[in-house]
Structures are given as structure tokens and as C-alpha cells.
Novice: 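Have a look at this one.
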Amino acid sequence: MSVGGPRRELWPAALVYDGLGTPRRDAAVLVQVAPEPARVVVVGRASELRAAYPAATERPPVVVIAPAPVNAHTHLDLSDLPLTKGSYGAFVRAVIAHARAGGRGLAAAERGIRALKAAGVATVGDIVTDEAVLARLLEDRELSGVAYWEVLGPDPADAEARFAEAVAVVERHRPRERPGGVRLGLSPHTPHTVSAPLLQRLAGYAAAHRLPLQIHVAEDPGELELHARGTGSLREAMGPFLAAFRPSGATPVRYLDDLGVLAARPTLVHAIHVDDDDVRRLQRAGCAVVHCPRSNALLECGTFPWARYARFGVTVGLGTDSLGSSPSLSPVDEFGAARAVHGASADPAQLVWAAVKGGHRALGGAAPRVVRGGEAALLRSWPEPAPWPPAVGAGTVGDVPSAPA
Ligand SMILES: [Zn+2]
């Protein structure tokens with residue numbers, strides 16, 4: 001090789017994902033680093049590339065080289081909510097009190113956006129409750145993904161009024177969408193905090209106007225009893241707010257299917273308490289699911305049935321949920337937690353796939369594919385995930401600050 005000619009580096013990792021197929025184990029990326037910009041020459045087995053390109057300078061190995069991971073579900077405007085450990089019911093009460101005290105809004109979302117970008121996230125699914133935050137996200141030049149306007153309305157008598165309000169928000173903000181930027185979506189909160197007629201109106205409107213949907217479902221174990229019999233811990237935790245709720249007798253996922261809501265292909269968030277029939281229904285409908293393992297653990301919601309979803313071939317993405325129930329907004333940390341939570345029942349290569357491609361699909365977008373000659377900057381060396389569960393003593397979970405001061 002002549003001086004000043006092309007210079008090559010070998011980037012090895014335990015898992016390499018270029019956006020095609022599934023992530024490869026013990027692989028490496030051969031990168032032409034000069035002349036700039038750095039470009040991918042080939043991706044392959046580390047041992048074979050080492051033998052074939054002995055002149056390439058080798059970087060120290062890392063755990064994952066892949067496109068930037070996606071945070072497919074968060075609530076940026078809850079970035080000032082202190083991390084709340086305990087039951088889901090207690091968490092919901094904390095969120096309501098925090099919102100009433102004025103803690104939810106643009107200033108909190110700005111801190112969340114900074115934390116998100118600092119974690120290397122460029123694609124996000126955010127649940128939005130403030131129009132200033134909606135405008136802010138739709139106009140952000142560095143982010144893509146979906147800003148989902150959240151809709152609540154458990155009383156069927158209010159369905160038309162709540163629907164008209166949501167449509168007005170969509171019509172006000174849709175002109176802010178830009179190609180490649182954040183898209184506008186809708187998030188009917190849950191199948192119990194949004195009445196059946198409102199769920200149907202929102203789903204029909206979203207399908208007709210090509211708006212992505214995200215719905216929290218089957219997060220707390222009490223949701224099953226609430227839908228089956230109208231009783232249980234969730235009914236007690238939410239009190240009069242659910243006065244108008246009438247149980248269908250079905251599981252929450254089947255209820256959404258029976259209402260026709262799954263036909264609008266909502267992305268379902270959490271979806272922990274599901275049986276085979278539920279998973280088959282959402283797989284047939286083409287729904288993706290977002291898995292938030294750290295929030296699920298801290299709010300005592302149970303363990304996501306990773307193997308069941310894998311068996312049915314459902315697309316799963318990773319999300320952090322808000323800083324109120326997660327120590328960071330980093331999907332790499334979520335990936336680390338998922339590895340710890342699922343152990344041998346989840347293939348780490350599939351978890352990388354979930355954090356990248358699964359997240360993009362859950363938000364209705366496409367993951368970058370880094371083909372030969374593609375820009376190497378699209379491939380990132382993921383940092384070491386934060387330990388999970390966090391070490392007790394060296395700042396227990398309850399002591400983790402919710403946002404930088
Ligand atoms: Zn959430």
C-alpha cells in the first residue's frame with residue numbers, strides 16, 4: 001500500500017449488525033477509513049477478515065457494532081418525575097400528582113430530548129401530552145420517529161368530544177411534519193382508560209389518515225382481572241376514574257381485536273400478560289410490540305414473555321418508558337437489561353435486532369442498511385450497557401436522579 005493510499009481498519013465485535021438479515025456473532029467490519037468519509041468494505045467473520053486483510057489495523061473488540069438503536073417508547077415530558085419504584089398503581093398516582101403540580105411540559109421534555117440525544121438516540125417513539133412538546137418534536141432537525149398525541153377518555157358519553165379534540169390537535173400540527181423527521185401519531189392511552197367508542201373512532205381515523213398508533217396494553221397484571229370481571233387491584237388503584245368502565249370478559253388484546261382496533265395495526269406497548277391466542281391475534285394483524293424491561297421490573301409488572309413472541313414471529317422493539325420508571329433513556333441500557341432479564345431464553349443477536357430493526361418497524365420506519373461502500377458512520381460501537389439490576393448501595397434505584405440538575 002502506498003503512503004497516502006487507502007487505509008483500512010478492522011472493527012471486531014461479539015455481535016455485528018449491518019441492517020441486513022440477523023446480527024452476526026464474532027464478526028467484524030472492514031472499514032476504509034481514508035480517504036474520508038470512512039466506508040464499509042465488507043462485513044464477515046472476524047477470523048476470516050483478519051486472515052484476508054492482514055494489513056488492516058485492528059481496533060479493540062466491542063460487544064455490539066450496529067446502527068444506532070431506537071427508543072421505541074418513552075414519555076419525554078415526564079423527565080422531571082422522580083424515578084418511582086413500586087406498584088403500577090402507585091406509579092399512576094405519582095404521575096397524576098406530578099402533572100397536577102405542573103411538572104409535565106416543555107421544560108421537562110427539553111431535558112428528556114437532551115438525555116435522549118446524549119444516549120445516541122436519533123429515532124424515538126414519544127407519547128406527548130402537551131402541544132408545545134408536539135411542535136418541538138415535529139420541528140427537531142436531528143430526530144426521526146413518531147410523536148404520539150395521547151388521548152384519554154374512559155367515559156363513552158365523552159367519546160365524540162374527546163375524538164373531536166384529538167382530531168383538532170392532529171390538524172393543527174400535521175403541517176409541521178417533514179420528510180425524514182418526526183411523524184405525528186396517536187396514542188389511545190390504554191384499553192381501560194379510553195372507552196370502546198373512542199378507541200374505535202381513533203383507530204378508524206388513524207387508519208384513514210395513515211397515522212401510526214401506540215397503545216399501552218397488558219402492562220399491569222391487574223389489567224386481566226379488570227377486563228375479565230371489572231374488579232381487582234387496578235380497579236382499586238384507579239378508583240372513580242374507571243367508573244364508566246365495563247368489562248368485556250375478554251383479555252385486553254382480544255378486546256382490542258373484537259373492537260376492530262388491531263386492524264389499524266397499532267404498536268402495543270408492554271403487552272406482558274398475553275396468552276397464545278392474544279399473540280396469534282396481534283401477529284395476524286401485523287402489530288409490533290415494544291418491550292420496556294426496566295420499567296416492567298421497577299413497577300412490578302411481571303416478565304415479558306420473550307420466547308412466546310419469538311415463537312409467533314412478532315416484531316418486538318425496545319423502549320425505555322419515561323425517566324419516572326427507568327434509570328435512563330438509553331436503548332443500549334435497555335438491551336443490557338433485556339439480556340439480564342431473559343438470560344438464555346433470549347438470543348442476544350435477536351435483542352440487537354429488536355433494538356434496531358424492531359424499533360424502526362414498531363414506529364413504521366425502515367432501519368438503515370449498511371451495504372458495501374456505505375458510510376461507516378452509520379455503524380456505531382455501542383457503549384457498555386449500565387449494569388442491571390443496578391448495584392445496591394452505590395446509588396440504589398430509588399436514588400437515581402430523574403434528570404440532570
Ligand atoms: Zn409508557
Side-chain angles (χ1 to χ4, degrees), residues 70-99 103-104 108-109 112-113 115-116 121 123-130 133-134 137 145-152 185-194 202 212-223 234 237-238 241 252-253 256 266-274 287-302 304 316-331 333-334 337-338 358-359 362-363 402-403:
V70 173
N71 188 341
H73 177 74
T74 186
H75 303 250
L76 294 168
D77 70 4
L78 284 175
S79 295
D80 287 344
L81 178 65
L83 190 68
T84 307
K85 193 183 172 194
S87 75
Y88 173 81
F91 177 74
V92 169
R93 285 193 293 274
V95 170
I96 292 167
H98 181 71
R104 208 170 182 179
I113 291 167
L116 198 66
V121 176
T123 306
V124 63
D126 187 42
I127 307 296
V128 183
T129 63
D130 181 308
V133 176
L134 201 53
L137 287 170
V146 183
Y148 298 93
W149 180 251
E150 186 172 73
V151 181
L152 283 93
L186 285 170
S187 179
H189 178 237
T190 73
H192 49 278
T193 52
V194 180
L202 292 168
L213 287 170
Q214 211 170 77
I215 308 175
H216 296 88
V217 63
E219 177 176 7
D220 182 78
E223 211 169 313
L234 194 57
M238 301 195 67
F241 187 71
V253 170
L256 290 176
T267 288
L268 303 182
V269 182
H270 303 304
I272 300 166
H273 306 285
V274 291
C287 298
V289 168
V290 181
H291 176 29
C292 309
R294 292 182 298 169
S295 174
N296 295 162
L298 292 179
L299 300 185
E300 300 167 1
C301 286
F304 182 83
V316 178
L318 297 183
T320 61
D321 228 322
S322 77
L323 286 172
S325 64
S326 175
S328 79
L329 297 180
S330 162
D333 291 345
E334 214 62 51
L363 302 178
S402 62

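Ligands are counted one by one from 1 in listed order, and the atoms in each one are counted from 1 as well.
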Novice: Report yes or no: does His216 have an N/O/S atom closer than 2.8 Å to the Zn ion (ligand 1)?
Specialist: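 It does: His216 brings an N, O or S atom closer than 2.8 Å to the Zn ion (ligand 1).
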Novice: Any N/O/S atom of Cys292 sitting less than 2.8 Å from the Zn ion (ligand 1), backbone or side chain?
Specialist: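 Within the cut-off used here (under 2.8 Å), Cys292 places no N, O or S atom near the Zn ion (ligand 1).
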Novice: Scan side-chain atoms only and decide if His270 and Asp321 contain a donor-acceptor pair under the 3.5 Å cut-off.
Specialist: yes
Novice: I need the Leu363 CG to Thr267 OG1 distance, nearest 0.5 Å.
Specialist: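 The distance works out to 6.5 Å.
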Novice: In His75, the N, O or S atom nearest to the Zn ion (ligand 1) is which?
Specialist: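 Of the nitrogen, oxygen and sulfur atoms in His75, the Zn ion (ligand 1) lies nearest to NE2.
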Novice: Let's go through Gln214 and His73 carefully: what are the C-alpha distance in whole Å and the side-chain angles of both, what is the deciding distance for side chain to side chain donor-acceptor pair (under 3.5 Å) to 0.1 Å, and is it a yes or a no?
Specialist: CA-CA 9 Å; Gln214 211 170 77; His73 177 74; 2.8 Å; yes
Novice: Say you draw a straight line from CZ of Arg104 to CD1 of Ile96; how long is it, rounded to the nearest 0.5 Å?
Specialist: 10.0 Å
Novice: Is the distance from the Zn ion (ligand 1) to the nearest N/O/S atom of Asp321 under 2.8 Å?
Specialist: yes
